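What follows is one structure encoded as structure tokens, with my remarks underneath.
Scope of the values below: all heavy atoms of this structure, side chains included, with no hydrogens, waters or symmetry mates. Sequence lines set the chain letters: A, B, ... in the order given, protein chains first and strands last, and positions in each chain run from 1. Everything numeric in this text was worked out from a predicted model, so none of it was measured.
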Number of protein chains: 2
Amino acid sequence: MDETRPGDHPPRILVVDDEAAIRRLLSTVLESSGFVVHLAENGSLGLAAAAAVRPDLILLDLGLPDLDGVEVIRRLREWSQTPIIVLSVREREDDKVGALDAGADDYLTKPFGVPELLARIRGSLRRVVGQAPEPVFRSGGLEVDLARRLVSLAGQEIQLTPTEYEILRLLVTHAGKVLTHRQLLSRIWGASHLEQPHVLRVNISNLRRKIERDPSRPSLLLTESGVGYRLRAEP
Amino acid sequence: MDETRPGDHPPRILVVDDEAAIRRLLSTVLESSGFVVHLAENGSLGLAAAAAVRPDLILLDLGLPDLDGVEVIRRLREWSQTPIIVLSVREREDDKVGALDAGADDYLTKPFGVPELLARIRGSLRRVVGQAPEPVFRSGGLEVDLARRLVSLAGQEIQLTPTEYEILRLLVTHAGKVLTHRQLLSRIWGASHLEQPHVLRVNISNLRRKIERDPSRPSLLLTESGVGYRLRAEP
DNA sequence: GAAAACCATCAAGAACGTATCAAGACAAAA
DNA sequence: TTTTGTCTTGATACGTTCTTGATGGTTTTC
């Protein structure tokens, strides 16, 4: 848990290629580099998969059986900014220019070296980070900026201790849902403290003193008696 | 090409190449495509020009007489997100991977086709639209000019040691966010020092003595106890 | 409604994290 | 070589956070 990343997931890559051998190769290579790989064997399926999977990056073969590659790029670009790297056997310059102008981010001619492919993928993904708007949780007068690790109440910045912040972070990322005592205890203090709800209560109390307008009548950090705690999410 | 563009100006392109013939060629080609072209014949001049001209895109030859191309990329990336397209005679995959991982956006092997170059330039520029971060950080009385490696407090220039500057640079490029001890340690001292926060503390202390009005009551370089440090960003 | 289980809060000491000074090691420049 | 500046390390004092037990309030169960 250190670097800020787009989401929290390992990057998803969609591979659109009609040759089974290439799909297999890329699948292996990419997965062993820590990516989650989705496969599609023609243009229509690729478009459908892109909409369904919302990949972080698309590897697209230009020579598809059903649709022209440039057409696929154009259709994708109608609704998505996801980086597209084109893979193609065509050396003709017109093809490259066409693909790039249609909105592709990069163009690699087969056969390509795997290290170069991976470097270009890293580059494209790196560029997307930072453009993504950072999610800020808001409810009541409370604002929690997870990316900046900043909490404020009614515009006033608030100082939280590490444990307090960690509790709040868990609640925010499951806003609206109940987190049981055991869930909170195990994720913050570890399995050994499962039967010691006291330490959790003290921290919840301290947290409320900081983030609630009236700590004695909580409106955000709610107790679910006998179960756990819940953070009220705004409608 | 009437896309939305960064500023109001025609895009400025900086060409860094030691071969006069290539500079002439690119200059002609790019100007006739509507770009404003600036030229530099080696790495140091290129870095200076980038800081002075603030180009929208940089075309960089890897084989420069003074600095290694990858080094130039790294130095640029310390303060600038400007797209960099590398032009090189080197075919070796290692070179490509190195340049891309250092932060280059694209890599073209000479000889390249002019239409393809133009297409890649259009692509890179298209992607950048909307992001034009000011490379001078200001907050409190502090000014940090990342391009010129210049720091001043209340108009007075300040002398920082390399490590101090590096810490400040990291904080500035993540202004407002908390950088954990581990992030700072690993990026400045390397993974081996992850468990030695002492050396970081001493340096933070020294840094505060130089950039804070009242070092005993920090107003810019804030401690997040148990977590790390944060540079206050102005609203 | 009473008993039992659960929950909130306070306060104090222990444990842990942080700031600063100063001395020695080291490296680059004169 | 000496000088100069920088980095590392140790010692020490200071500050914050965590844990724990005591006490009293609240909710659930029967």
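- B/Glu212 places a side-chain N or O within donor-acceptor distance of the main-chain N or O of B/Ser219, the cut-off being under 3.5 Å.
- In the region residues 170-177 of chain A, proximity to DNA chain C at under 4.0 angstrom, judged on heavy atoms, holds for none of the residues.
- The residues A/Glu166 and A/Arg169 are annotated as salt-bridged, a charged nitrogen and a carboxylate oxygen being separated by less than 4.0 angstrom.
- Nearest to the side chain of A/Ser225, among D/dT28, D/dT16, C/dT9, sits D/dT28.
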Show me the donor-acceptor pairs, under 3.5 Å and distance only, between side chains in residues 20-31 of chain B and residues at least two apart or in other chains.
{"from": "B/Arg23", "atom 1": "NH1", "to": "B/Asp17", "atom 2": "O", "distance (Å)": "2.9"}
{"from": "B/Arg23", "atom 1": "NH1", "to": "B/Asp18", "atom 2": "O", "distance (Å)": "3.4"}
{"from": "B/Thr28", "atom 1": "OG1", "to": "B/Arg24", "atom 2": "O", "distance (Å)": "2.8"}

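- An end-to-end axis angle of 40° holds for the helix from C/dG1-D/dC30 to C/dA30-D/dT1, taken from five base pairs per end and rounded to 10°.
- Checked for salt-bridge contact, B/Glu71 and B/Arg74 meet the test: a charged N lies under 4.0 Å from a carboxylate O.
- Comparing atom distances between the B/Pro162 side chain and each of D/dT6, D/dT8, D/dA11 picks out D/dT6 as nearest.
- OP1 and OP2 of C/dT9 both lie 4.0 Å or more from every side-chain N or O belonging to A/His198.
- Considering only side-chain N and O atoms, B/Tyr229 lies under 4.0 angstrom from the phosphate OP1 or OP2 of C/dA19.
- B/Arg77 and B/Asp105 are joined by a salt bridge, as a carboxylate oxygen and a charged side-chain nitrogen come within less than 4.0 angstrom of each other.
- Side-chain N/O atoms of B/Ser216 include none lying less than 4.0 angstrom from OP1 or OP2 on C/dA19.
- Using a 4.0 Å cut-off, some side-chain N or O of A/Arg208 falls inside it from OP1 or OP2 of C/dA8.
- Side chain of A/Glu116 to main chain of A/Gly113: no donor-acceptor pair is present (N/O by atom type, distance under 3.5 Å, no hydrogens or angles).
- B/Arg12 contributes a side-chain N or O that, together with a main-chain N or O of B/Val53, makes up a donor-acceptor pair within less than 3.5 Å.
- B/Lys177 places no side-chain N or O within donor-acceptor distance of the main-chain N or O of A/Ala147, the cut-off being under 3.5 Å.
- Residue B/Ile204 contributes atom CD1, which lies 17 Å from atom C1' of C/dC21 at whole-angstrom precision.
- Of the candidate nucleotides C/dT9, D/dT8, C/dC7, C/dC7 has the atom lying nearest to any side-chain atom of A/Arg201.
- The closest donor-acceptor contact from the side chain of B/Glu234 to the backbone of B/Gly140 lies under 3.5 Å.
- Between B/Ser205 and C/dC21 there is no side-chain N or O to OP1 or OP2 distance below 4.0 Å.
- Side-chain N/O atoms of A/Arg209 include none lying less than 4.0 angstrom from OP1 or OP2 on C/dA8.
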